[in-house]
Asker: 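Below you'll find the structure I mean.
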Amino acid sequence: MRVAFIGLGNMGGGMAANLAKAGHEVAAFDLSQAALDRAKANGCTIAASAEAAVANAEAVVTMLPAGKHVAEVYRSTVFPNAPKSALLIDCSTIDVATAKSVEAEAKASGFVMVDAPVSGGIAAADGGTLTFMVGGSDDGFARAKALLDKMGKTVIHAGDAGAGQAAKICNNMLLGATMAATCEAFVLAEKLGLDAQTFYDISSKASGQSWSMTSYCPVPGVGPETPADRNYDGGFAAALMLKDLKLAMEAAKEAGAYTPMGGEAEELYQRFVDRGGAGKDFSALIKMIDDSWVAP
Ligand code: NAD
């Protein structure tokens with residue numbers, strides 16, 4: 001299949017490479033020359049412009065930073081230049097309102113479009129093991145799944161347009177809040193004289209258990225190997241967690257949902273990012289909570 005891929009950054013670079021590896025003809029475009037060079041080395045064809053990339057496409061995949069980039073690329077480039085038969089797949093994490101409005105414009109222009117944000121970081125993008133949460137029609141989902149299967153291990157139909165973004169931000173709001181609570185519990189346990197490993201052994205088998213504790217423990221040397229064991233480098237950057245929490249709070253405001261725990265998590269991550277933690281893994285929040293945080 002001829003696939004146009006726009007946005008070849010940390011995530012899109014590996015995803016485009018996996019499509020090329022699976023035998024698709026990938027016409028790649030990005031504003032960054034370094035990203036284009038990497039895509040070329042990974043078997044993609046470099047397009048001279050975004051217009052040229054989509055002109056002959058059977059599918060268009062985008063992996064861009066935020067809603068404003070997605071709206072701009074689809075309105076100015078994809079809708080006017082791609083064949084109407086091309087399936088449009090936006091994998092970026094963006095606000096629900098923009099996802100819905102861009103999909104409505106796509107439909108009005110005669111395209112089928114789905115939102116398909118991902119769970120999993122750069123390693124999962126490179127390794128083709130992402131989880132995709134897809135919003136769109138049954139037909140759009142079925143057509144998208146064939147391509148998404150080449151970039152991920154799990155592809156789930158979340159519902160209509162925007163439902164993929166809704167699933168993504170609700171999940172990450174839950175993750176941000178459980179990680180903050182897990183960090184607090186470990187710090188309090190220590191101040192009460194409880195050994196971290198002992199607390200882990202008890203709580204990971206008791207009702208306080210969560211993914212943040214048993215799969216991504218924020219304490220070095222406790223539980224499976226995590227970014228905590230690598231000085232909180234790599235993993236899921238606190239800046240990206242903050243982005244997702246802001247999207248969740250924005251959506252909650254629009255929907256009239258009361259999300260006080262999500263609001264607290266947003267405030268904590270904002271403070272951590274303001275203190276220089278943006279590039280650290282999001283579990284490094286524990287260092288701000290135990291008062292030992294020193295900006296790198
Ligand atoms: P990134 O900044 O590394 O990549 C974005 C790319 O888009 C850049 O290469 C940039 O040059 C390109 N770009 C921007 N505007 C463009 C335009 N108009 N035309 C062409 N190219 C353009 O970001 P990333 O880490 O790859 O993240 C991409 C998306 O995936 C974001 O929405 C992010 O929230 C989401 N996400 C990231 C991760 C992660 O761990 N990095 C995990 C899950 C989801």
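The residues of the chain are indexed from 1 along the displayed sequence. Atoms within each ligand, like the ligands themselves, are counted from 1 in listed order.
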Asker: Examine the proximity of ligand 1 to D244 and report which part, side chain or backbone, both or neither, has a heavy atom under 4.0 Å away.
Answerer: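 The answer is neither.
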Asker: What protein heavy atom is closest to atom 36 (N) of ligand 1, reported as residue, atom name and distance in Å?
Answerer: T93 OG1, 4.1 Å
Asker: With a 3.5 Å distance limit and no angle check, can you tell me whether D95 reaches the backbone of A251 through a side-chain donor-acceptor pair?
Answerer: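 Answer holds: no.
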Asker: Mark up the atoms of ligand 1 that fall under 4.0 Å of a heavy atom belonging to K243, in ascending order.
Answerer: 31 (C), 32 (O), 33 (C), 34 (O)
Asker: With heavy atoms under 4.0 Å as the rule, classify the contact between M15 and ligand 1 as side chain, backbone, both or neither.
Answerer: neither
Asker: Between ligand 1 and M11, is the shortest N or O to N or O distance under 3.5 Å?
Answerer: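 There is such a contact, yes.
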Asker: Check ligand 1 against G7 and write out every atom of the ligand that is under 4.0 Å from a heavy-atom position of the residue.
Answerer: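 Result: 7 (O).
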Asker: Just heavy atoms, cut-off under 4.0 Å: does E72 contact ligand 1 by side chain, backbone, both, or neither?
Answerer: neither
Asker: Identify, for atom 3 (O) of ligand 1, the protein heavy atom at the shortest distance, and state residue, atom and that distance.
Answerer: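 The closest heavy atom on the protein side is N10 N, 2.9 Å.
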Asker: Looking at V73, which atoms of ligand 1 are within less than 4.0 Å of one of its heavy atoms?
Answerer: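 In order of numbering, the contacting atoms are 17 (C), 18 (N).
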Asker: At what distance is the nearest protein heavy atom to atom 19 (N) of ligand 1, and which residue and atom is it?
Answerer: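 Minimum-distance protein heavy atom for atom 19 (N) of ligand 1 reads L31 CG, 3.7 Å.
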Asker: Please state which part of P65 comes within less than 4.0 Å of ligand 1, counting heavy atoms only: side chain, backbone, both or neither.
Answerer: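 Both backbone and side chain of P65 come within 4.0 Å of ligand 1.
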Asker: Which ligand 1 atoms does V118 reach within 4.0 Å, using its non-hydrogen atoms?
Answerer: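 In order of number, 43 (C), 44 (C).
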Asker: Backbone N or O of G162 within a donor-acceptor pair of the D115 side chain at under 3.5 Å?
Answerer: yes
Asker: For R230, what residues pass the side chain to side chain donor-acceptor pair (under 3.5 Å) criterion, not counting sequence neighbours?
Answerer: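 Per chain and number, R230 pairs via side chain to side chain donor-acceptor pair (under 3.5 Å) with E225.
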Asker: Please compare G234, G120, G121 and report which has the shortest non-hydrogen distance to atom 43 (C) of ligand 1.
Answerer: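 Going through G234, G120, G121 one by one, G120 has the nearest heavy atom to atom 43 (C) of ligand 1.
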Asker: Which residue supplies the protein heavy atom nearest to atom 13 (N) of ligand 1, what is that atom called, and how far is it?
Answerer: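 Protein heavy atom at minimum distance: L64 CD2, 3.7 Å.
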Asker: Under 3.5 Å, is there a donor-acceptor pair between the side chain of Y232 and the main chain of P218?
Answerer: yes
Asker: Judging by distance only, is a nitrogen or oxygen of K168 under 3.5 angstrom from one on ligand 1?
Answerer: no
Asker: From the options L240, D30, I6, V70, select the one whose nearest heavy atom is closest to atom 41 (N) of ligand 1.
Answerer: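 Among L240, D30, I6, V70, the closest heavy atom to atom 41 (N) of ligand 1 comes from L240.
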Asker: Among all protein heavy atoms in this structure, tell me which lies nearest to atom 4 (O) of ligand 1, with the distance rounded to 0.1 Å.
Answerer: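 For atom 4 (O) of ligand 1, the nearest protein heavy atom comes out as G9 CA, 3.3 Å.
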Asker: Would you say atom 32 (O) of ligand 1 touches the protein, meaning some protein heavy atom is under 4.0 Å from it?
Answerer: yes
Asker: Can you tell me if E264 has over 12 outside heavy atoms packed within less than 6.0 Å of its CD?
Answerer: no
Asker: Going by a strict under-4.0 Å cutoff (protein heavy atoms only), does atom 23 (O) of ligand 1 have a neighbour on the protein?
Answerer: no
Asker: Before accepting this row, confirm whether a basic side-chain N of the pair K107/E103 lies closer than 4.0 Å to the acidic partner's carboxylate O.
Answerer: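 Judged by the 4.0 Å cut-off on N to carboxylate O distance, K107 and E103 do not form a salt bridge.
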Asker: I want to know whether F199 and F186 have ring centres closer than 6.0 Å.
Answerer: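 So the answer is yes for these two rings.
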Asker: Shortest non-hydrogen contact from A28 to C44?
Answerer: CB-CB, 4.0 Å
Asker: For atom NZ of K68, is the number of surrounding heavy atoms from other residues, nucleotides or ligands below 6.0 Å larger than 12?
Answerer: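 Atom NZ in K68 is not packed in, count stays at 12 or less.
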Asker: Identify the closest protein heavy atom to atom 30 (O) of ligand 1: which residue and atom is it, and at what distance?
Answerer: M63 CE, 3.1 Å
Asker: Could you tell me how the ring of F236 sits relative to the ring of F282: parallel (under 30°), tilted (30 to 60°) or perpendicular (over 60°)?
Answerer: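 Correct class here is perpendicular.
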Asker: According to the ring pair (Phe, Tyr, Trp, His ring centres under 6.0 Å) rule, which pairs have a member within residues 98-123, sequence neighbours left out?
Answerer: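 Checked against ring pair (Phe, Tyr, Trp, His ring centres under 6.0 Å) - neighbours excluded - the pairs reaching residues 98-123 are F79-F111.
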Asker: Would you please say whether a donor-acceptor pair under 3.5 Å links the side chains of Y74 and T62?
Answerer: yes
